[in-house]
There are 2 protein chains.
Amino acid sequence: MTRVRISDVAAAAGVSTSTVSLVLNDRTSRISGETRERVREAAAAVGYTPNSIARGLRTQRTRTIGLVSDVIATTPFAGRMLAGAQDAAREHGHLLILVNTGADPAVEQEAIRALVDHQVDAMIYATMWHQVVETPEGLPDRTVFLDCRPADGTHPAVVPDEVAGGLAAVRELVGAGHERIAFVDIAEPNPPVASGLRHQAYLEVLAEAGITPDPAWHVHGEETTAASGRVAAERLLDLPPHRRPTAIFCFNDRMAAGAYVAVHHRGLDVPGDVSIVGYDDQQLVAGELDPPLTTVALPHYEMGRWATEVALGAREPPATPDQTYRMPCPIVRRDSVSSPPAAAANSSRRRA
Amino acid sequence: MTRVRISDVAAAAGVSTSTVSLVLNDRTSRISGETRERVREAAAAVGYTPNSIARGLRTQRTRTIGLVSDVIATTPFAGRMLAGAQDAAREHGHLLILVNTGADPAVEQEAIRALVDHQVDAMIYATMWHQVVETPEGLPDRTVFLDCRPADGTHPAVVPDEVAGGLAAVRELVGAGHERIAFVDIAEPNPPVASGLRHQAYLEVLAEAGITPDPAWHVHGEETTAASGRVAAERLLDLPPHRRPTAIFCFNDRMAAGAYVAVHHRGLDVPGDVSIVGYDDQQLVAGELDPPLTTVALPHYEMGRWATEVALGAREPPATPDQTYRMPCPIVRRDSVSSPPAAAANSSRRRA
DNA sequence: GTGTGGTGATAAATCGATTGATCAGGGAGA
DNA sequence: TCTCCCTGATCAATCGATTTATCACCACAC
């Protein structure tokens, strides 16, 4: 059983293929109503849908969009990014072609070439952790960077607004009355872009609250794991009582989970003795901790959507020089923040 | 800057487009070595790569494969499945077109039609939880089902071998000397396919070990969450000492995490007092529990690969009537299983 | 009666490759 | 010398749509 072609519709309706094409594409300026009707009925009767390949060859538009990413497997966020891109693509009548390069530059080059050969209408270049990247060779003009931005600012890009997210997170702690607030960061070498930005936000909020940060409050884990977070948090809890933080802002939720372990291990309570805020709103972590973690969500789904819509021309990138949109990161309030313990609050007030 | 066409190569090499095509596709039976060389050099010099759309129209093969799935976002396993499919597709020179239907049948129909219109060479129909599904309309012959199988057995399919995985899990407990082994299951209505299969495996191992299962050992959680797992596990720990299980096989890792909480809440130890085995090997759960959880891995990456290879004809489906391959689920040994506590072991021996 | 203009539809070119049919030229055999 | 065959390459059809240019027909005005 072979595919139904436009000539089959033409034969069934007793007209030429030109007429069928004009009718079905609504270029009906010079086709009579009666003929239109007949063509539509014939098309429905034989179950005709146009062959996208043939159409693409003629029109030079394939209604596909290519998405190149470094790793789709190893992060739980990738799915949301893909889902956003995919939903937006579908809403605009496009299909999403996905290539996962495994961060291998040779594979990446090959992938870009293959997608260009397939005449994708637009391209998205995505990484799974916010970073600044060199622009690969061969990308079409209609390329948007997703969760990364090109060093040379040649293409539109969307990344999380880490600073605004960090501000919201730390203000949440200041707003609850904390004054001794620590930041569990991620160590050198090659800290993620987000590390510097979130730290910057941390310092900014302390400054606006008139708090002089104790350098001992800025600790580092080796990796972004719970185990590393625990080790780093323990260094905070080892501080003498009057310097020990009553609140901890953690680089991410996994490290926050480690901080929980450290706190509980001392027989202390979250949030009664130590309030904790994370970052990422990572499923299966933030929500399942006890108590559930207050954190800042990374808007992966929305970023995926934004990138796709800009790539398809359905939305304008920001008119700034770097064409980079910083997507807001909403704070997710759960139960890991409360006011500081009375003794600490007193000691703070004494110091103030 | 317009694309380089085959005619540009032909002009550069001073030959016809036919000759260029024959040379570049290695149909060189009647082309002299010297001409071949000249064409290859010209093609490289002008940077020619064939337009896949035009080629696809002529050859009726697009070197694309469509993957339709219900939800790619909400499960952490989806990424591994996609990665397996994507890697296999790339190795066979194919691109992967992804459509996420959100489990909406109308969207699904639309997606299948769009992929067929784009002349995909093969299709994969995937779900994110092992299930038996009705075969949707309009799927091409070269369709493979992934993590689900068609009720009518008309297409090849790959699913996890839940029974073999369950056997391995429970044998791990029997092998450690346990005799009072419980199964934390998931409740009606509509339990997943895996539930029945894993329970079947549980009963089978107990039977082969000569253990008569106490019906009280089979408990159910409302959902597959940690909270439900905890509630179900508490019912086990409430049993009188001589009936209380020394080991628990949990339907999945999240419920196992709940079982940990229940055990710890009684001041008991994992695995000292209660050994626990999960299922899924879910990242960020199994490995991060304290102690790390012994569990059974779902081979999502391998299933994604298998489905793609079969769809592309690079591998044969099983010759069984249902054409369904049950992929082995390897056991992942961590630290949540030990021999039962001495008192329990003694009591067991007395009973034996 | 002949041009003129408008209407409704079609013929044919086109997108860029692949491929079966064809052709030019040279050497071998009759 | 003429035919036949082989080699090396090209011609032209083809895939299935879209779109521009063209055509047939009729009504109307002059």
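Throughout, protein chains are lettered first and strands after them, A, B, ... in sequence-line order, and every chain is numbered starting at 1.
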- prompt: What heavy-atom pair brings A/V158 and A/A307 nearest, and what distance separates the two atoms?
  reply: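 Closest pair (atom of A/V158, atom of A/A307, distance): CG1-CB, 4.2 Å.
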- prompt: If every non-hydrogen atom of A/L82 is compared with every non-hydrogen atom of A/L67, which pair is closest and at what distance?
  reply: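 Shortest heavy-atom separation between A/L82 and A/L67 comes out as CD2-CD1, 4.1 Å.
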Starting from [atom2] on [N], measure out to [atom1] on [X] and report it in whole angstrom.
{"X": "B/R27", "N": "D/dA9", "atom1": "CZ", "atom2": "P", "result": "17 Å"}
{"X": "A/L24", "N": "D/dA17", "atom1": "CG", "atom2": "C1'", "result": "11 Å"}
{"X": "A/I6", "N": "D/dT19", "atom1": "CD1", "atom2": "C1'", "result": "11 Å"}
{"X": "A/D26", "N": "D/dT19", "atom1": "CG", "atom2": "P", "result": "13 Å"}
{"X": "A/Q119", "N": "D/dA17", "atom1": "CD", "atom2": "P", "result": "18 Å"}
{"X": "A/R63", "N": "D/dA17", "atom1": "CZ", "atom2": "C1'", "result": "14 Å"}
{"X": "A/Y48", "N": "D/dA17", "atom1": "OH", "atom2": "C1'", "result": "6 Å"}
{"X": "B/R36", "N": "D/dA9", "atom1": "CZ", "atom2": "C1'", "result": "13 Å"}

task: State which of D/dA17, D/dT10, D/dT14 makes the closest approach to the side chain of B/L22.
output: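 Of D/dA17, D/dT10, D/dT14, D/dT10 is nearest to the side chain of B/L22.
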- request: Quick one: sort the A/F145 and A/Y125 rings into parallel, tilted or perpendicular, breaks at 30° and 60°.
  value: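 The rings of A/F145 and A/Y125 sit tilted, inter-plane angle from 30° to 60°.
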- request: Kindly indicate whether the side chain of A/R55 and the base of D/dT18 share any N or O donor-acceptor pair separated by less than 3.5 Å?
  value: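 Check fails, no donor-acceptor contact within cut-off.
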- request: Using a 4.0 Å cut-off on protein heavy atoms (strictly under), produce a 5'-to-3' string for nucleotides 23-28 of chain D with B for base contact, S for backbone-only sugar-phosphate contact, and - for none.
  value: ------
With a non-hydrogen cut-off below 4.0 angstrom, is [X] in contact with a base, only sugar-phosphate, or nothing?
{"X": "A/T59", "value": "sugar-phosphate"}
{"X": "A/T35", "value": "sugar-phosphate"}
{"X": "A/S21", "value": "base"}
{"X": "B/S18", "value": "base"}

Distance-only donor-acceptor check, side chains [X] and [Y], under 3.5 Å:
{"X": "A/S18", "Y": "A/S21", "answer": "no"}
{"X": "B/Y301", "Y": "B/D87", "answer": "yes"}
{"X": "A/D322", "Y": "A/T320", "answer": "yes"}
{"X": "A/D117", "Y": "B/T49", "answer": "yes"}

message: For B/A54 and B/T19, find the nucleotide of DNA chain C closest to each by heavy atoms; which residue's nucleotide sits nearer the 5' end?
response: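 Its nearest nucleotide being more 5', the pick is B/A54.
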task: Using a strict 4.0 Å threshold on nitrogen-to-oxygen distance, state whether B/R40 and B/E37 make a salt bridge.
output: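 No, this pair does not count.
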task: Under 4.0 Å from any heavy atom of chain A: name the first and the last nucleotide of DNA chain C that qualifies, 5' to 3'.
output: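 Footprint of chain A along DNA chain C, 5' to 3': C/dT7 to C/dG16.
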message: Between B/Q323 and B/H155, does the side-chain hydrogen bond (donor to acceptor under 3.5 Å, both in side chains) criterion hold? Intermediate values first, please.
response: CA-CA 7 Å; B/Q323 298 185 68; B/H155 295 271; over 6 Å; no
message: Looking at B/D152, I want to see if its CG is surrounded by more than 12 non-hydrogen atoms of other residues, nucleotides or ligands under 6.0 Å.
response: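 Yes, because the 6.0 Å sphere around CG of B/D152 holds more than 12 heavy atoms from other groups.
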- request: Between B/E34 and A/L57, name the one whose nearest nucleotide on DNA chain D is closer to the 5' end.
  value: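 This one resolves to B/E34.
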